[in-house]
Amino acid sequence: MANRLFPAHHAHSPCPFCDSHDGLLLTRVDNFFRPQITHLCTSCGTAYTDPLPSAEAFMQYHQTTYRKQYKGRPEAAFRLRRIASVNQKRFQFILNTLPLPASGSMLDVGCGYGYLVEAFAARGWKALGFDPDAKAINTAQARLKNLAHQAKLHVASIHDSPIQSGACNLVTAFHVLEHLPNPLQALQRCYEWLAPGGYIVIEVPNLITLSHSFHSRFHRAHIVHFHPEALSQALRHIGFEALQIYTQPSDSTIRINARKPLDPFSESRHNPITFTVSAEKIQQVISTLSLIRKKQRFTSRSPHKWIQVLVRSILVRLKEHH
């Protein structure tokens with residue numbers, strides 16, 4: 001499936017979804033023009049940073065660098081207001097699209113400043129959240145002290161969180177999976193945390209969106225890139241059902257609701273669906289990325305906005321060398 005734009009490439013790290021090493025080389029730099037190889041798996045159409053970081057490197061980066069590097073002043077009042085507004089919209093989306101009980105237990109994976117946890121706690125739910133960024137969690141805990149009996153936040157990762165199996169009626173993961181070197185394992189953990197009949201809501205950036213330039217989608221922090229078919233297949237592979245997929249070619253994100261079966265120990269659960277993505281879907285991913293690279297390689301913004309982005313990238317690089 002190699003073409004003029006994307007040469008064949010054998011990855012050092014296996015694909016985090018299907019374990020294949022074969023694919024295409026999409027780019028050798030990230031969105032700040034720093035060296036970073038992004039590999040496209042031609043078995044499932046998932047793209048990822050090659051090599052993938054270790055779990056230790058992931059934790060260190062997200063505990064100390066990520067929010068400062070990508071958010072500038074992450075705790076500035078204007079930015080926290082924006083984060084609160086975004087999470088209120090997520091809260092309303094969940095209420096409008098899922099048949100949730102009046103009360104229950106929810107978990108927000110990668111909860112950041114805890115605004116989604118706060119929204120559910122204020123509604124009377126037992127609301128839990130965890131994030132590897134201790135500073136973000138401390139900021140959230142100070143704000144949520146009046147809801148402490150309903151809202152519990154922890155500094156933790158997917159692998160060491162204190163959540164009990166089967167404890168949650170709802171698990172949310174907004175813009176989390178793209179940061180993880182092992183997203184399939186993370187989805188498996190989410191499945192285990194859910195009670196039978198519980199729901200998961202996931203949102204990730206859309207690899208094949210037409211709304212962003214080719215270059216701008218490859219972040220240092222975003223190490224796995226999804227298209228709707230691969231993410232849907234991953235959820236079915238683990239055992240989720242009743243998928244609702246919300247995305248269009250112009251959407252910058254993929255949002256999926258799914259349910260853990262009422263009888264997760266049924267015969268179908270013991271014989272999980274094989275993870276497969278058709279060759280036609282993979283070719284569609286390659287064709288779309290080729291089109292975007294030809295038409296919008298570096299920018300989908302106005303020249304003025306692009307100059308601002310370029311200057312910011314240069315300043316970030318200079319700061320890293322001091």
Side-chain angles (χ1 to χ4, degrees), residues 1-18 20-53 69-70 175 177-179 183 203-233 245 247-255 277-314 316-317:
M1 293 185 181
N3 61 22
R4 182 176 61 84
L5 295 176
F6 308 131
H9 183 255
H10 186 79
H12 290 85
S13 298
C15 174
F17 267 12
C18 70
S20 172
H21 287 264
D22 297 327
L24 306 179
L25 176 63
L26 294 182
T27 178
R28 293 185 180 274
V29 294
D30 70 3
N31 63 325
F32 285 130
F33 298 98
R34 292 169 295 205
Q36 176 178 289
I37 288 175
T38 301
H39 171 90
L40 179 71
C41 174
T42 48
S43 294
C44 70
T46 301
Y48 59 95
T49 299
D50 183 48
L52 286 165
Q69 186 177 71
Y70 280 87
H175 291 269
L177 295 181
E178 68 270 21
H179 294 260
E203 185 175 281
V204 296
N206 185 1
L207 172 64
I208 54 175
T209 179
L210 301 178
S211 66
H212 292 329
S213 70
F214 178 82
H215 177 72
S216 67
R217 65 197 67 204
F218 301 116
H219 298 239
R220 179 183 174 191
H222 293 184
I223 57 177
V224 183
H225 309 270
F226 309 92
H227 64 91
E229 181 68 18
L231 186 55
S232 302
Q233 287 290 348
I245 305 169
T247 190
Q248 298 292 331
S250 60
D251 291 344
S252 61
T253 61
I254 305 164
R255 189 175 287 180
V277 176
S278 69
E280 290 78 13
K281 286 288 185 182
I282 295 167
Q283 187 56 58
Q284 181 183 2
V285 170
I286 296 170
S287 298
T288 303
L289 290 173
S290 297
L291 175 65
I292 296 167
R293 188 170 185 260
K294 289 176 182 177
K295 301 292 185 181
Q296 299 179 157
R297 181 174 184 182
F298 290 116
T299 184
S300 54
R301 305 175 176 91
S302 67
H304 175 70
K305 288 290 187 181
W306 173 239
I307 290 171
Q308 289 182 327
V309 171
L310 185 59
V311 169
R312 179 169 172 252
S313 298
I314 292 170
V316 168
R317 294 293 302 276

**Prompt:** How about Gln284 and Glu280: does a side-chain donor come under 3.5 Å of a side-chain acceptor?
**Reply:** no
**Item:** Heavy-atom closest contact (Pro14 atom, Leu52 atom, distance)
**Value:** O-CD1, 4.1 Å
**Request:** Would you indicate whether the side-chain heavy atoms of Val204 and His222 approach each other to under 4.5 Å?
**Result:** no
**Item:** Listed partners of His227 passing side chain to side chain donor-acceptor pair (under 3.5 Å), at least two apart
**Value:** none
**Item:** Rounded distance (nearest 0.5 Å) linking atom CG of Leu25 with atom CD1 of Ile37
**Value:** 6.0 Å
**Message:** Can you confirm whether Leu177 sits close enough to Leu231 that some side-chain heavy atom of one is under 4.5 Å from a side-chain heavy atom of the other?
**Reply:** yes
**Asn31 versus His219, closest heavy-atom pair with distance** = OD1-CA, 3.5 Å
**Prompt:** Closest heavy-atom contact between Tyr48 and Cys41?
**Reply:** CE2-CB, 4.4 Å
**Message:** Do Ser290 and Ile286 make a side-chain contact, defined as non-hydrogen atoms from C-beta onward lying under 4.5 Å apart?
**Reply:** yes
**Step-by-step side chain to side chain contact (heavy atoms under 4.5 Å, CB included) determination, Leu289 to Leu207** = CA-CA 8 Å; Leu289 290 173; Leu207 172 64; 4.1 Å; yes
**Prompt:** Between Phe214 and Phe6, how do the two ring planes meet: parallel, tilted or perpendicular, split at 30° and 60°?
**Reply:** parallel
**Message:** Restricting to non-hydrogen atoms, name the atom on Cys44 and the atom on Ile282 that form the minimum distance, rounded to 0.1 Å.
**Reply:** N-CD1, 3.8 Å
**Asked** Can you tell me if Asp251 uses its side chain to pair, donor with acceptor, with the backbone of Thr253 under 3.5 Å?
**Response** no
**Evaluation steps, side chain to side chain contact (heavy atoms under 4.5 Å, CB included), between Arg220 and Thr49** = CA-CA 8 Å; Arg220 179 183 174 191; Thr49 299; over 6 Å; no
**Complete:** dist Lys281:NZ -> Ser232:OG (nearest 0.5 Å) comes out at 9.0 Å
**Prompt:** Can you tell if the side chain of Pro228 reaches within under 4.5 Å of the side chain of Ile208, non-hydrogen atoms only?
**Reply:** yes
**Message:** My understanding is that only residues two or more places apart in sequence, or in another chain, count here; which of them pass salt bridge (charged side-chain N to carboxylate O under 4.0 Å, His left out) with Arg255?
**Reply:** Glu203
**Prompt:** What is the minimum heavy-atom distance between Cys15 and Thr46, and which atoms define it?
**Reply:** SG-CB, 4.3 Å
**Request:** Working to the nearest 0.5 Å, report the span between OG1 of Thr27 and CG of Leu5.
**Result:** 11.5 Å
**Asked** Is the backbone of Thr209 close enough, under 3.5 Å, to the side chain of Arg217 for a donor and an acceptor to pair up by distance?
**Response** yes
**Complete:** Paired with His21, the ring pair (Phe, Tyr, Trp, His ring centres under 6.0 Å) test is passed by just one of His10, His12, His39, His9, namely His10
**Item:** Side chain proximity check, Leu24 to Thr42, heavy atoms < 4.5 angstrom
**Value:** yes
**Message:** Aromatic contact between Phe17 and Phe226, with the criterion being ring centroids under 6.0 Å apart: yes or no?
**Reply:** yes
**Message:** Which residues pass the side chain to side chain donor-acceptor pair (under 3.5 Å) test with Ser20, not counting sequence neighbours?
**Reply:** Ser43
**Asked** Hey, does the side chain of Asp50 reach the backbone of Ser13 with a donor-acceptor pair shorter than 3.5 angstrom?
**Response** yes
**Heavy-atom side-chain proximity of Pro205 to His175 below 4.5 angstrom** = yes
**Prompt:** Stepwise, does the side chain to side chain contact (heavy atoms under 4.5 Å, CB included) test hold for Leu210 with Thr288?
**Reply:** CA-CA 8 Å; Leu210 301 178; Thr288 303; 3.9 Å; yes
